[in-house]
Structure formats: C-alpha cells, structure tokens
A.B. asks: 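Okay, handing you the structure first.
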Amino acid sequence: MKKHEDFFQNVFAVVRLIPKGRVTNYGAIAKYLGSARSSRMVGWAMNAAHSQKDVPAHRVVNRNGELTGKIHFATPFQMQELLEKEGIKVVKDKIKDFQKSYWDPMKELEL
DNA sequence: AGCTTGACTTTGA
DNA sequence: GTCAAAGCCAAGC
C-alpha cells in the first residue's frame with residue numbers, strides 16, 4: 001500500500017462520482033482530498049487514469065472551464081464529444097455555463 | 001543522486 | 001479585468 005497510489009485512487013473515486021452532465025475542476029478534487037494546491041497531482045492522476053476505464057476524465061476541467069486535458073485523450077475531439085453527448089455545451093474548448101454544470105465534491109458529497 | 005516538466009490553483013501587483 | 005510569481009507532489013530524464 002503506497003500512499004501516492006492512495007491519492008490516485010482517491011482521485012479516481014471522486015471523478016467516478018461525478019454525475020452525468022456535470023463537470024468539476026482539479027482544485028475542487030484536490031481540496032476534497034486535503035490540499036487545494038495539489039491540483040497538479042489530480043492532473044497527474046488523470047494521466048494514470050487512462051488505465052482506469054471507469055474514470056470519466058472528460059468531466060474534469062480546469063477552473064476556467066477549459067478543456068485543457070483534451071490533448072491527453074485518445075483524440076482531442078473525444079473529450080468535447082463526450083461532454084456534448086452528456087448535454088454539456090462546449091464552445092472553443094470551453095464549457096458553456098460552466099458554473100451551472102459545475103459539481104463540487106465538497107458540497108455534494110461532504111456537505 | 002539532482003533538475004525539469006506537468007490534464008493546476010491561488011495570491012499579489 | 002489581466003499578468004507574474006509561488007506552491008504543490010510525482011514522473012521522467
């Protein structure tokens with residue numbers, strides 16, 4: 001049992017809990033795990049998330065609502081397409097009504 | 001062993 | 001509102 005792997009698994013768990021048609025940002029997940037400044041690790045975890053098929057990484061964007069991580073997908077179009085398929089409007093690599101579709105794990109889970 | 005890069009965020013100017 | 005710098009931890013070289 002390695003600690004850093006726990007962190008990754010934790011990130012995966014949270015991402016998996018993201019409801020369909022909702023999105024969140026790295027900072028929220030990082031904060032939920034304890035360190036808001038560790039948002040980079042969330043991205044790194046997402047990189048490892050490729051091994052996990054049940055991790056909807058397309059629902060995780062940066063705090064600006066931009067699809068920054070799309071380049072790491074199989075194809076850059078996949079992320080946007082998946083989001084639009086879930087009812088999320090994406091315009092120029094940015095999520096429309098980001099605040100509306102925003103899903104905060106701390107608020108929705110912890111509360 | 002150290003240094004650089006990275007799916008980022010926050011704070012200060 | 002924007003721009004620059006610091007902080008965070010892990011992987012790659």
Side-chain angles (χ1 to χ4, degrees):
Chain A
M1 300 280 283
K2 291 145 193 173
K3 288 197 274 191
H4 55 278
E5 285 189 359
D6 276 353
F7 190 92
F8 277 41
Q9 291 299 324
N10 211 339
V11 174
F12 300 152
V14 176
V15 174
R16 262 190 282 252
L17 290 173
I18 301 175
K20 188 180 168 216
R22 292 292 182 96
V23 291
T24 188
N25 61 322
Y26 303 91
I29 298 173
K31 200 168 203 172
Y32 183 74
L33 298 181
S35 306
R37 297 278 163 91
S38 304
S39 42
R40 278 181 161 148
M41 301 301 88
V42 178
W44 213 245
M46 292 285 97
N47 210 341
H50 273 274
S51 304
Q52 320 283 323
K53 57 177 185 147
D54 291 331
V55 180
H58 58 276
R59 294 182 190 151
V60 183
V61 297
N62 67 350
R63 80 167 208 80
N64 202 17
E66 300 181 64
L67 282 58
T68 52
K70 72 172 200 171
I71 62 178
H72 285 273
F73 273 76
T75 62
F77 317 95
Q78 191 171 28
M79 188 171 186
Q80 178 171 339
E81 222 172 84
L82 285 167
L83 287 171
E84 288 186 333
K85 200 181 288 187
E86 295 186 355
I88 300 175
K89 308 286 190 286
V90 179
V91 180
K92 289 196 290 202
D93 297 352
K94 296 185 196 74
I95 294 178
K96 192 149 168 55
D97 299 328
F98 176 57
Q99 281 192 338
K100 247 171 134 172
S101 305
Y102 183 67
W103 179 84
D104 192 342
M106 294 246 290
K107 250 180 163 181
E108 303 290 337
L109 297 179
E110 185 103 359
L111 191 59

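Chain letters run A, B, ... following the sequence lines, proteins first, then strands; residues in each count from 1. In this text the structure is predicted, and so the values were computed from the model without any measurement. Only this structure's heavy atoms are used, side chains among them; waters, hydrogens and symmetry mates stay out.
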A.B. asks: Please tell me which of the listed nucleotides, B/dG6, B/dT9, B/dA7, lies nearest to the side chain of A/Met46?
C.D. replies: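 So the nucleotide nearest the side chain must be B/dA7.
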
A.B. asks: Report the residues that fulfil ring pair (Phe, Tyr, Trp, His ring centres under 6.0 Å) with A/Phe98, sequence neighbours left out, ordered by chain and then residue number.
C.D. replies: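 Residues passing ring pair (Phe, Tyr, Trp, His ring centres under 6.0 Å) with A/Phe98: A/Tyr102.
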
A.B. asks: Do A/Val90 and A/Phe73 sit in the same hydrophobic cluster, where Ile, Leu, Val, Met, Phe, Trp and Tyr count as joined when their side-chain heavy atoms come under 4.5 Å apart?
C.D. replies: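 Linked, A/Val90 and A/Phe73 end up in one cluster.
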
A.B. asks: Expressed in angstrom and rounded to an integer, what is the separation of A/Asn64 atom CG from B/dT9 atom P?
C.D. replies: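 So the CG-P distance, A/Asn64 to B/dT9, works out to 9 Å.
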
A.B. asks: Looking at the side chain of A/Trp44, which of C/dA10, C/dG7, C/dC9 is the nearest nucleotide?
C.D. replies: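 So the nucleotide nearest the side chain must be C/dA10.
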
A.B. asks: Hydrophobic clusters join Ile, Leu, Val, Met, Phe, Trp and Tyr when side-chain heavy atoms are under 4.5 Å apart, directly or via other members; which others share one with A/Phe77?
C.D. replies: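 Joined to A/Phe77, directly or through intermediates: none.
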
A.B. asks: Examine A/Tyr32 and A/Trp103 and state if one hydrophobic cluster contains both, with Ile, Leu, Val, Met, Phe, Trp and Tyr joined whenever side-chain heavy atoms are less than 4.5 Å apart.
C.D. replies: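 Linked, A/Tyr32 and A/Trp103 end up in one cluster.
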
A.B. asks: Tell me which residues in residues 49-59 of chain A put a heavy atom below 4.0 Å from DNA chain B, sorted by number, or none.
C.D. replies: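 Contacts with DNA chain B under 4.0 Å: A/His50, A/Ala57.
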
A.B. asks: For A/Leu33 and C/dA10, give me the distance from atom CG to atom P, rounded to whole Å.
C.D. replies: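 Answer to the nearest Å: 13 Å.
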
A.B. asks: Report each atom pair, protein N/O against N/O of nucleotides 10-13 of chain B, whose distance is under 3.5 angstrom.
C.D. replies:
none

A.B. asks: Quick one: list whatever passes ring pair (Phe, Tyr, Trp, His ring centres under 6.0 Å) with A/Phe12, sequence neighbours left out.
C.D. replies: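 Once residues adjacent in sequence are excluded, A/Phe12 has no partner under the ring pair (Phe, Tyr, Trp, His ring centres under 6.0 Å) criterion.
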
A.B. asks: Taking atom C1' in both C/dC3 and B/dA7, what distance in whole Å separates the two?
C.D. replies: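 It comes out at 23 Å once rounded to the nearest Å.
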
A.B. asks: Rounded to the nearest 0.5 Å, what separation is found between the OG atom of A/Ser38 and the CG atom of A/Leu33?
C.D. replies: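 One finds 8.5 Å between OG of A/Ser38 and CG of A/Leu33.
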
A.B. asks: Pairs of donor and acceptor atoms involving the side chains of residues 44-56 of chain A, under 3.5 Å and at least two apart or interchain, shall be tabulated with distances.
C.D. replies:
from: A/His50; atom 1: NE2; to: A/His72; atom 2: O; distance (Å): 3.0

A.B. asks: How long is the gap from NZ on A/Lys31 to CG on A/Asn25, to the nearest 0.5 Å?
C.D. replies: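 Answer rounded to 0.5 Å: 10.0 Å.
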
A.B. asks: Which pairs of donor and acceptor atoms, one on a side chain in residues 63-70 of chain A, lie under 3.5 Å apart (sequence neighbours left out)?
C.D. replies:
from: A/Asn64; atom 1: ND2; to: A/Glu66; atom 2: OE2; distance (Å): 2.6
from: A/Lys70; atom 1: NZ; to: A/Asp93; atom 2: OD1; distance (Å): 3.1
from: A/Lys70; atom 1: NZ; to: A/Asp93; atom 2: OD2; distance (Å): 2.8

A.B. asks: Can you tell me how far P in B/dT4 sits from the matching atom in C/dA6, rounded to whole Å?
C.D. replies: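 The same atom, P, in both gives a distance of 15 Å.
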
A.B. asks: Under 4.0 Å, counting only non-hydrogen atoms across every strand here, what does A/Thr68 touch: a base, just sugar-phosphate, or nothing?
C.D. replies: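 Here A/Thr68 touches the backbone only, sparing every base.
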
A.B. asks: Under the salt bridge (Lys or Arg N to Asp or Glu O under 4.0 Å) rule, what pairs show up with a residue in residues 14-25 of chain A, not counting sequence neighbours?
C.D. replies: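 For residues 14-25 of chain A, and leaving out neighbouring residues, there are no salt bridge (Lys or Arg N to Asp or Glu O under 4.0 Å) pairs at all.
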
A.B. asks: Taking atom OG1 of A/Thr24 and atom CD1 of A/Ile18, what is their separation to the nearest 0.5 Å?
C.D. replies: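 One finds 5.5 Å between OG1 of A/Thr24 and CD1 of A/Ile18.
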
A.B. asks: Would you mind listing every salt bridge (Lys or Arg N to Asp or Glu O under 4.0 Å) that reaches into residues 77-91 of chain A, with sequence neighbours excluded?
C.D. replies: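 Listed once each, the pairs are A/Arg59-A/Glu86.
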
A.B. asks: Going by the rule side-chain contact (heavy atoms from CB on, under 4.5 Å), which residues pair with A/Ile71 if we only count those two or more places apart in sequence or in a different chain?
C.D. replies: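 A/Ile71: no side-chain contact (heavy atoms from CB on, under 4.5 Å) contacts found.
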
A.B. asks: Measure the distance from CE on A/Met41 to C1' on C/dG7 and round it to the nearest whole Å.
C.D. replies: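 Answer to the nearest Å: 11 Å.
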
A.B. asks: Looking at residues 69-89 of chain A, who's got a heavy atom less than 4.0 Å off DNA chain B?
C.D. replies: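 Within this stretch, A/Gly69, A/His72, A/Phe73 sit under 4.0 Å of the strand.
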
A.B. asks: Looking across every strand, which nucleic acid part, if any, lies under 4.0 Å from A/Asn47 by heavy atom: base, sugar-phosphate, or nothing?
C.D. replies: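 It contacts base atoms.
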
A.B. asks: How long is the gap from CE on A/Met41 to OH on A/Tyr26, to the nearest 0.5 Å?
C.D. replies: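 It is 12.5 Å, given to the nearest 0.5 Å.
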
A.B. asks: Treat a base pair as Watson-Crick or G-U wobble with both distances under 3.5 Å, then lay out DNA chain C in dot-bracket form, 5' to 3', with | for cross-strand pairs.
C.D. replies: .||||||.|||||

